J.: 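My structure is below; once you've seen it, I'll send some questions.
Predicted model only: the values in this text are computed from it and were never measured. Chain letters run A, B, ... following the sequence lines, proteins first, then strands; residues in each count from 1.
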Amino acid sequence: MKKVVSGADEAIQDIPSGAILMLGGFGLCGIPENCIAALVKKGINNLTCISNNAGVDDFGIGLMLQKKQVKKMISSYVGENAEFERQMLSGELEVELVPQGTLATRCMATAYGMPAVYLLAGYGTEVADGKEVRNFNGKNYLLENAFNSDFAIVKAWKGDTQGNLIFKDTARNFNPLMAMAGKITIAEVEELVEPGILDPNFIHVPGIYVHRIFQGLHYEKRIEQRTVRKVSK
Amino acid sequence: MKKVVSGADEAIQDIPSGAILMLGGFGLCGIPENCIAALVKKGINNLTCISNNAGVDDFGIGLMLQKKQVKKMISSYVGENAEFERQMLSGELEVELVPQGTLATRCMATAYGMPAVYLLAGYGTEVADGKEVRNFNGKNYLLENAFNSDFAIVKAWKGDTQGNLIFKDTARNFNPLMAMAGKITIAEVEELVEPGILDPNFIHVPGIYVHRIFQGLHYEKRIEQRTVRKVSK
Amino acid sequence: MYYNLYQKKLQQFMLNKEQIAKRIAQELQDGFYVNLGIGIPTLVANYIPDGLDVVLQSENGLLGMGPFPYEGEEDPDLINAGKQTITTIPGSAFFDSAMSFGMIRAGKVHLTVLGAMEVADNGDIANWKIPGKMVKGMGGAMDLVAAAQNIIVAMQHTNPKGESKLLSKCTLPLTGVGCVKKVVTDLGVFNITENGFECIEYAPGVTIDEIIAKTAGRITIAPTVKEIAI
Amino acid sequence: MYYNLYQKKLQQFMLNKEQIAKRIAQELQDGFYVNLGIGIPTLVANYIPDGLDVVLQSENGLLGMGPFPYEGEEDPDLINAGKQTITTIPGSAFFDSAMSFGMIRAGKVHLTVLGAMEVADNGDIANWKIPGKMVKGMGGAMDLVAAAQNIIVAMQHTNPKGESKLLSKCTLPLTGVGCVKKVVTDLGVFNITENGFECIEYAPGVTIDEIIAKTAGRITIAPTVKEIAI
């Protein structure tokens with residue numbers, strides 16, 4: 001069981017054009033920087049990307065958008081990205097907007113082998129168009145399908161060679177859900193350790209879900225909205 | 001926000017006869033020993049207990065069975081308990097058997113605000129009787145309802161005064177799921193600490209789900225099947 | 001100079017953003033778990049009454065959000081749902097996005113405060129999309145309004161053109177139906193009832209007539225209506 | 001004495017429990033995640049071929065189950081699905097029961113080995129309930145058989161009365177339908193195919209005629225049938 005690969009290039013080498021990818025992260029927080037760079041370098045296209053956001057113009061998935069590698073984005077929020085806006089308005093880029101909790105829960109459904117789930121979000125809105133509505137206990141729910149993706153690409157804080165993953169702070173976000181939902185899951189980690197180093201009580205994603213893992217390099221971790229308070233009082 | 005109570009007696013004081021309870025644990029592992037003792041002492045009855053197992057004759061939920069406090073058990077496995085068997089065969093005790101993964105996932109559905117979930121287990125068996133069957137992608141699933149319980153009673157390893165919980169080893173089992181599924185959740189912990197002691201990255205159940213918490217006493221932690229290997233080779 | 005005086009007086013006649021936030025903070029109760037949206041709602045955190053234990057949820061995966069970090073202490077791995085750098089308080093907990101919306105959906109979050117473009121007198125809300133303009137997405141708004149126990153909208157009573165944002169029916173695409181419980185604007189505080197908006201408080205210096213004039217949806221005035229105390 | 005000799009010879013004619021487990025262990029592949037049921041299946045762990053990295057799942061919430069603890073090192077918080085005290089191996093992970101069955105349902109567990117009372121030639125299995133006897137419950141069996149990718153049954157070919165447990169139709173209440181892929185008994189190894197049981201291997205000294213005689217369900221003999229090598 002050799003899950004450890006040499007780096008991002010090897011990890012993504014068999015991802016073909018036209019693939020459906022899940023990409024972890026919320027905004028620029030916890031995104032798989034190394035794999036995104038490798039995907040840009042590899043130059044495959046016609047990708048469908050399931051990711052809560054689409055990066056900014058010059059970082060994150062924005063880098064793939066610049067290279068016109070993305071055919072379709074499935075996201076909850078895609079602001080802060082001029083190139084994205086241009087491609088969307090010109091019709092080059094297809095966009096499916098999904099409520100954030102629905103996006104997360106559809107990943108979880110995949111991870112837990114549930115084909116579809118009933119969720120409250122979007123009832124009575126355009127999100128409900130074409131979906132089954134069902135009333136349980138007086139509330140209306142939409143039937144939302146689990147996601148099918150070919151590859152899930154996530155970024156963890158630490159991982160071991162068995163594929164066990166842990167995440168730091170709010171960089172967790174969609175990463176564990178997508179890691180568990182991928183047909184093939186690729187994890188880049190800030191620190192890769194031997195089995196037995198991570199406490200088995202505090203594993204966020206058990207290794208059974210992870211197929212390839214490597215220690216990433218040169219994390220930039222760009223901050224989107226740097227907000228601070230004054231030193232005072 | 002005062003979640004800390006003095007002990008099991010106070011924690012369960014308003015549980016009435018006829019209540020629907022979730023009780024964490026798998027076998028005798030990770031069961032809320034203090035609360036069970038307090039329930040026995042309080043002597044309420046006609047309880048519906050949702051718990052993977054029903055204890056043994058003289059420990060766990062078996063103690064409540066001896067006092068004839070339980071009207072109905074919803075469990076996946078109820079062996080190893082002669083008094084249970086007697087009450088069940090005599091018709092004093094109603095038993096609903098639920099596949100273990102279905103039991104767990106119905107708790108999770110409650111915790112995640114999902115009214116019902118489609119699960120594979122039990123299709124084509126007597127478990128499917130009266131349930132909606134639906135085919136997704138060529139597989140048949142049963143529609144299983146989320147649980148409604150009045151109280152969830154769980155045992156954690158450590159907790160803080162905000163209600164955050166962590167569990168040890170396989171004593172985790174159903175405990176976090178039930179903790180998150182309770183209308184009112186009572187947690188007994190081996191060690192109760194101040195906020196800030198537990199690492200926020202490794203909380204199994206965030207405090208928002210927990211309403212009452214106390215440090216339990218005198219844990220017996222009985223072993224059901226003591227199995228060892230010889231020192232040799 | 002006369003103009004400046006007029007401006008000053010006008011400002012006294014209605015609540016500013018801080019005052020709207022301050023009024024909403026009065027809705028907080030001890031032990032509440034609260035989700036605050038971007039904009040005015042975020043300011044509510046500054047006015048949590050002393051002695052109340054209120055825990056802030058950030059839907060990207062945190063309970064126990066603290067204030068912004070001091071300069072130099074920003075951590076890129078620690079942001080709120082508005083992507084701002086933040087801190088945590090003791091007793092906080094991180095979790096994934098499914099659990100985050102799970103606890104919202106299960107009704108564990110007591111109060112959600114968010115902004116809106118329009119609110120209808122039946123509690124419908126529109127706050128994510130303007131046809132013809134670039135659509136950025138609903139983020140977590142649809143989940144929050146569909147599932148939170150109690151939803152308060154913080155917004156201006158009228159749009160920049162002076163048109164009421166409290167309508168009989170939303171004109172913009174909906175975010176959620178029949179979900180808003182209360183609206184706090186620069187002019188007053190309004191419950192959503194079977195009879196539409198019910199004005200329960202008015203801003204200092206604002207007249208009931210003005211509120212009625214500026215509200216397009218059905219509106220009643222509570223018998224106990226009084227001036228907002230902040 | 002003649003009787004004893006006969007007994008001894010009989011034992012050579014079929015696999016004992018350890019040998020059944022050993023044969024099943026040949027199905028393991030490097031990188032497999034495996035769930036082993038109670039009884040004969042548990043013994044499979046003793047025969048994992050050298051050099052194969054196989055991780056054992058215990059459905060109460062553990063990946064990376066190790067051997068039983070040494071005397072005095074038992075931990076009541078660390079048990080397997082059979083409620084036996086166990087240990088963990090480096091790289092193990094604990095999780096709750098929903099995630100445990102979630103990973104099974106999502107097909108992440110490559111192989112499940114479990115015992116059965118009856119298997120039908122279409123892959124149906126019955127292993128949890130005998131009408132008229134005390135029912136202990138299905139535990140995780142229904143989840144496992146409904147969801148695991150690959151299910152191998154380990155059992156005796158006949159019941160204590162000598163009746164076949166490989167049937168055309170199960171007589172006992174079902175645990176799952178059409179889910180068993182392979183059966184390993186004391187007499188041989190059988191794939192479940194469209195044409196029922198296909199005997200691909202026979203135990204040393206056991207004849208094909210005997211196997212056919214003791215199999216009540218439809219059975220074919222693979223052209224490549226051979227003696228089990230263990």
Side-chain angles (χ1 to χ4, degrees), chain A residues 26-30 52-54 75-81 85 88-89 95 97-109 111 119-127 139-140 157 167-177 204 219-231, chain C residues 38 42 58-62 65-88 92 94-102 104-105 124-126 128-129 134-148 173-179:
Chain A
F26 176 87
L28 301 178
C29 182
N52 190 61
N53 309 91
S75 303
S76 89
Y77 190 83
V78 293
E80 280 74 80
N81 195 320
E85 186 168 344
M88 185 173 124
L89 294 175
V95 178
L97 291 170
V98 178
Q100 192 177 337
T102 299
L103 191 76
T105 312
R106 288 173 65 188
C107 293
M108 189 178 79
L119 300 177
L120 288 167
Y123 169 73
T125 76
E126 63 183 56
V127 163
K139 284 186 189 173
N140 289 307
W157 181 28
F167 302 87
K168 181 169 160 283
D169 299 1
T170 56
R172 193 182 316 184
N173 55 65
F174 286 83
N175 278 303
L177 302 165
H204 295 133
Y219 284 102
E220 179 179 337
K221 294 197 183 182
R222 198 183 293 186
I223 292 176
E224 222 166 324
Q225 303 281 343
R226 187 178 303 272
T227 42
V228 295
R229 66 183 139 151
K230 301 276 185 301
V231 181
Chain C
I38 298 167
T42 301
S58 188
E59 68 265 27
N60 53 323
L62 168 63
M65 180 164 55
F68 296 137
Y70 290 115
E71 177 100 36
E73 294 179 2
E74 313 91 306
D75 180 345
D77 289 330
L78 181 46
I79 64 173
N80 64 16
K83 290 156 196 159
Q84 298 169 313
T85 45
I86 50 163
T87 60
T88 58
S92 61
F94 295 103
F95 35 82
D96 65 50
S97 302
M99 184 182 281
S100 184
F101 286 95
I104 291 166
R105 216 180 288 118
D124 289 357
I125 177 173
W128 77 284
K129 184 176 182 178
M134 166 68 187
V135 179
K136 295 187 171 184
M138 67 292 280
M142 282 193 183
D143 308 272
L144 281 159
V145 300
L174 293 183
T175 308
V177 294
C179 50

J.: Counting only heavy atoms closer than 4.5 Å, note whether Glu73(C) contacts chain A via side chain, backbone, both or neither.
T.: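 When you check distances to chain A, no heavy atom of Glu73(C) falls under 4.5 Å.
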J.: Non-hydrogen atoms of chain A under 4.5 Å away: do they reach the side chain of Ser92(C), the backbone, both or neither?
T.: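 Neither part, no heavy atoms under 4.5 Å.
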J.: When only pairs under 4.5 Å are counted, which of Asn140(A), Leu103(A), Thr102(A) shares the most heavy-atom pairs with chain C?
T.: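 Counting heavy-atom pairs under 4.5 Å, the top option is Thr102(A).
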J.: Looking at chain A, which one of Pro67(C), Gly102(C), Pro173(C), Ala147(C) has the largest number of heavy-atom pairs inside 4.5 Å, strictly under?
T.: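 Heavy-atom pairs under 4.5 Å are most numerous for Pro67(C).
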J.: Mind ranking Val98(A), Val78(A), Leu28(A) by heavy-atom pairs under 4.5 Å with chain C and telling me who comes out on top?
T.: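 Max contact count across the listed options: Val78(A).
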J.: Please look at Asn80(C) and chain A and tell me whether the side chain, the backbone, both or neither of the residue comes under 4.5 angstrom of a heavy atom of that chain.
T.: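 Answer is backbone: N, CA, C or O of Asn80(C) sit under 4.5 Å from chain A.
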J.: Knowing that exactly one of Lys221(A), Lys168(A), Arg226(A) qualifies, which makes a salt bridge (charged side-chain N to carboxylate O under 4.0 Å, His left out) with Asp75(C)?
T.: Lys168(A)
J.: Measure across Pro176(A) and Asp96(C) and return the closest heavy-atom pair with its distance rounded to 0.1 Å.
T.: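 Residues Pro176(A) and Asp96(C), closest heavy atoms: CG-CB, 3.7 Å.
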J.: With a 4.5 angstrom heavy-atom cut-off, is it the side chain or the backbone of Phe101(C) that approaches chain A, or both, or neither?
T.: side chain
J.: Distance alone, cut at 3.5 Å: any donor-acceptor contact between the side chains of Tyr77(A) and Asn53(A)?
T.: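 No donor-acceptor contact under 3.5 Å links the two side chains.
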J.: Under 3.5 Å, is there a donor-acceptor pair between the Arg105(C) and Thr105(A) side chains?
T.: yes
J.: Would you give the length of the straight line joining atom OG1 of Thr175(C) to atom CE of Met138(C), rounded to the nearest 0.5 angstrom?
T.: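 Answer rounded to 0.5 Å: 8.5 Å.
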J.: Tell me, out of Ile79(C), Leu62(C), Thr85(C), Leu174(C), who's got the most heavy-atom pairs with chain A below 4.5 Å.
T.: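 The residue among Ile79(C), Leu62(C), Thr85(C), Leu174(C) with the greatest pair count is Thr85(C).
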J.: What part of Val145(C) gets closer than 4.5 Å to chain A, counting heavy atoms only: side chain, backbone, both or neither?
T.: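 Neither part, no heavy atoms under 4.5 Å.
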J.: Asn52(A) and Ser76(A): which non-hydrogen atoms are nearest, and at how many Å?
T.: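 Closest heavy-atom pair between Asn52(A) and Ser76(A): OD1-OG, 2.7 Å.
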J.: Looking at chain A, which one of Leu78(C), Ile86(C), Asp124(C), Thr87(C) has the largest number of heavy-atom pairs inside 4.5 Å, strictly under?
T.: Leu78(C)
J.: If the threshold is 4.0 Å, N to carboxylate O, is there a salt bridge linking Arg229(A) and Glu71(C)?
T.: no
J.: The criterion is side-chain contact (heavy atoms from CB on, under 4.5 Å); which residues satisfy it with Met88(A), sequence neighbours excluded?
T.: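 Scan of Met88(A) (side-chain contact (heavy atoms from CB on, under 4.5 Å), adjacent residues dropped) gives Phe84(A), Val95(A), Met134(C).
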J.: For Asn81(A), is it the side chain, the backbone, both or neither that has a heavy atom under 4.5 Å from a heavy atom of chain C?
T.: neither
J.: Give the member of Ala121(A), Ala104(A), Cys29(A), Gly101(A) that has the highest number of heavy-atom pairs under 4.5 Å with chain C.
T.: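 Top count of heavy-atom pairs under 4.5 Å with chain C: Gly101(A).
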J.: May I ask you to name which of Gly140(C), Gly137(C), Ser97(C) has the most heavy-atom pairs under 4.5 Å with chain A?
T.: Ser97(C)
J.: Restricting to non-hydrogen atoms, name the atom on Tyr70(C) and the atom on Lys230(A) that form the minimum distance, rounded to 0.1 Å.
T.: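 Reported closest heavy-atom pair: CE2-O, 3.3 Å.
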